[in-house]
Amino acid sequence: MTKQTLTQLEQHELFLTRHIGPDEQQQQDMLNFVGAESLEDLTAQTVPGAIRLKEELAVGNACGEAEGTAYIRGLADKNKVFKSYIGMGYYGTEVPNVIKRNVFENPGWYTAYTPYQPEIAQGRLEAILNFQQMSMDLTGLDLASASLLDEATAAAEAMALAKRVSKAKKANIFFVADDVFPQTLDVVKTRAECFGFEVVVGPASEAANYELFGALFQYTNRHGQITDYTELFAALKEKKAIVTVATDIMSLVLLKSPGEMGADVVFGSAQRFGVPMGYGGPHAAFFVARDAHKRSMPGRIIGVSKDTRGNSALRMAMQTREQHIRREKANSNICTAQILLANMASFYAVFHGAVGLKTIASRINRLTDILATGLKAKGVELVNNTWFDTISFKGLDVEAVKARAVAAELNLRYDEDGIVGVSLDETTLRSDISELFDVILGEGHSLDVEAIDADVLAGKVESIPADLIRKDAILTHPTFNRYQSETEMMRYIKRLENKDLALNHSMISLGSCTMKLNAAVEMNPVSWPEFANMHPFCPLDQAEGYTQLINELSDYLVNITGYDAVCIQPNSGAQGEYAGLLAIQKYHESRGEAHRDICLIPQSAHGTNPASAQLAGMKVVVTACDKQGNVDLEDLKAKAAELADNLSCIMITYPSTHGVYEESIREVCDIVHQHGGQVYLDGANMNAQVGLTSPGFIGADVSHLNLHKTFAIPHGGGGPGMGPIGIKKHLAPFVAGHTVIKPGRESDNNGAVSAAPYGSASILPISWMYIKLLGNQGLKKSTQMALLNANYVTKKLSAHYPVLFTGRNDRVAHECIIDLRPIKESSGVTEMDIAKRLNDYGFHAPTMSFPVAGTLMVEPTESESKVELDRFIEAMIAIRGEIAKVEAGEWPADNNPLCNAPHTMADIMDSEFDSRPYSREEAVFPCDAVKANKFWPTVNRIDDVYGDRNLMCSCVPLSDYE
Ligand SMILES: *Cc1c(COP(=O)(O)O)cnc(C)c1O
């Protein structure tokens, strides 16, 4: 063996050799096959020279896993984890260890994608169905969504729903009670401004004085008060207003449900059901409405349908409401939501069950009773006379209290008006109550927790009014009553996990989704208490580690995108779009051009683009694409000129959703700028740009980045995500601010787009690690390898399937679209059949029918090895052979392995299988590689139409599973 230098030896130990799938030899073989001399040569053949960066990235050198971990450990150590009594929608919680280990830290759960292929996603679909059932039980309403991004954005969605369904058609007022959380009001106001709604804020009792289409209340309110709104809600309904209620999920275990009080929409955060605060997220919001409003629900809904064997099977229901189909007419722009966190919250409820939850909630309430009783005995004036877990009080020397609190390393809530608040949670112990007495009253108060408890037990305290105590049963479904032992729970989680295909089984080549490696080393810090247990509204001097991490990540992203600044608040790509478009609108407004409201969007755009434009109050004008899939420049020029007076911006994706680097991108930017518009470049395809070109360099003004695509945050089976936006200098003053946390920036006083100032902050360490570990060389090489893998797959497949679009030198960017329409024409085999047949081969289907109907879009990413790519290619070629048999009439068009796919164990155990024209082995072991690593879909093809016609979104009787 030839001796290597120390530097060479060190190079081999770098993380990038783990992140990138193919080794050096394989890379060379693949380059030979595609006809390029080197990665640089391939890049030069593929990416237009005019947009190639002249300089290398400047994010630092690549490093090893130990070095990166040591650095971020240093950042974590700078966070001071005080015990939090701040409340305001974020509470301490005990993540059950069985869930932490088997879900939160398990790639079988966190690396899955949104369940677009339900036959291989029944596990997480069941967990989400449990989430919906739990949401319905607790809120007292009958139709739940599969999670929204956070409580504050859920409030904005509730307002939008109210406008859609209210019969008070002329009303333009949305009333918000003045005792909701400030961040909720903030996000609602931002959204209302875009829609042109008037937000009236006032005491809840005055709501019925207005001509309104909807109203928002918080139960319990920000001070902890529990109010019976039954009469008020009835009065509002008389006026045809829609009543929406923000609520606390734990309190509902004990309290009369808002549904029973007459609310139409109820929502809130499910964070305290076993999801760490994480400095603001990610957490799932629940959102429940009356069944009558089902067509107007935002976000995804899981429903029960049947498969071809007549068995119950789960799927995403009523997808035609969503942005992919309805575009600017969609109910909301939500795409990525919070599925992993919704699953965690539902497992928390499954694990504790109704009895366990009642015990937890009762203990929280009891401790609060004791705290309140003790304080009152000492003459402290309480603001609220009813409570679940939160009390607020005034008349104390706030500075003295604060000083004692800091000394004891705990945070209370300090409102602007001299009110101090305390919210307890399931982590609070009786010793904490003694400590709180010391902190609030100073030492020497002589209060005794045990003695007060005896008084409370004797019924001397009534914190929950008798008629607001919950009387109906909750969580009666067997699922919530049979997994209370850890063994049973562990097996239930595993049973569901086994039904799902995630990245720990095989590649998921979903185009536009960038399903790359989510490395264990990147994931580790997310679980550390210094990142997990921080309250988003803790004083900034306790969050120095987070602040530094966010600043460093921002600097990295500024360098990578070529922009001047970054706003880390939007908690999904679609929210980034909304935030970026808002910045554009505010910018126009600042120049006296508020009338500019037209957003040009090419035909090929992702559905969230038009949906976000509509949210931002813009009018969408669609521009054409030419036969090569490029933006039709003539059409764009004509429309930009014609609409110049009112042109706000264009939204364009680069490389295009057609998977090519359009040569004309600079010209597109110029045309729009010439007519006074701004360029929003959808950054979902950054994986084809990093280190080679950048949106800022190309000439765009603002972009969102999907950190859960390009920057290694896992998809969680449908969320979480982060969608920070990069902006040019002139837009920087107009990005989202936050009403609670203001770190001293120009934009601090702007409205918020998320509940927390840094969105889902606790997953930012993943992207930080990704960049830190890969460094300048590794990031660029990853992009180049994404190109190589894509071009390798494309060239291999092109001998068997037509590739729809290619760019210069017949190259594709990081993904390719294969056209299945000719096959459908000649054989009747559909893209759906091929997608499902891939499941039999152990693969998730590529993106189906986006951006072109009748196609599959394949994005392999740099992380897939040549071995895995070859397996996928082999499967696709074998499937082409099967199609040929249908074309030749060897297999009937209505009875073949494609139209019958996917195949289940039930199929091959079925004695009637013999009547099929193909063997059991052909059905389930179609090639040798499958035998070694078989994935079994657990249901047969699911009937979408049946599911939507017979909508059922709650847990099915257990007999259906048996
Ligand atoms: C994924 C994607 C989005 C939306 O991002 P989410 O995080 O799912 O909201 C927008 N545009 C394109 C092109 C995408 O691929």
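Both backbone and side-chain heavy atoms feed into the values below; hydrogens, waters and symmetry mates do not. Counting starts at 1 for both ligands and their atoms, following the listed order.
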Taking all non-hydrogen atoms of both residues into account, name the closest pair between P298 and S145 and its distance.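 Shortest heavy-atom contact: O-CB, 3.9 Å.
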
Kindly compute the distance separating CG (L581) from CD (Q614), expressed to the nearest 0.5 Å.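 Spacing of CG (L581) from CD (Q614) equals 11.5 Å.
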
Inter-residue atom distance S863.OG - N518.CG, 0.5 Å rounding: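 Taking OG in S863 and CG in N518, the distance rounds to 8.5 Å.
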
Run the ring-centre check on Y758 versus H738 and record whether the distance is less than 6.0 Å.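 Distance test on ring centres: not under 6.0 Å, no.
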
Can a salt bridge be assigned to the pair E157 and R191 using a cut-off of 4.0 Å between side-chain N and carboxylate O?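 Answer for the salt bridge query: yes.
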
If we ignore hydrogens and angles and just use 3.5 Å, is the side chain of S767 paired with the main-chain N or O of I763 as donor and acceptor?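 No, the answer is negative, given that no donor and acceptor are paired below the 3.5 Å cut-off.
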
Hey, which residues fall under 4.0 Å of ligand 1 on heavy atoms?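 Residues near ligand 1: C335, T336, S512, S572, G573, A574, E577, H606, T608, D682, A684, N706, H708, K709.
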
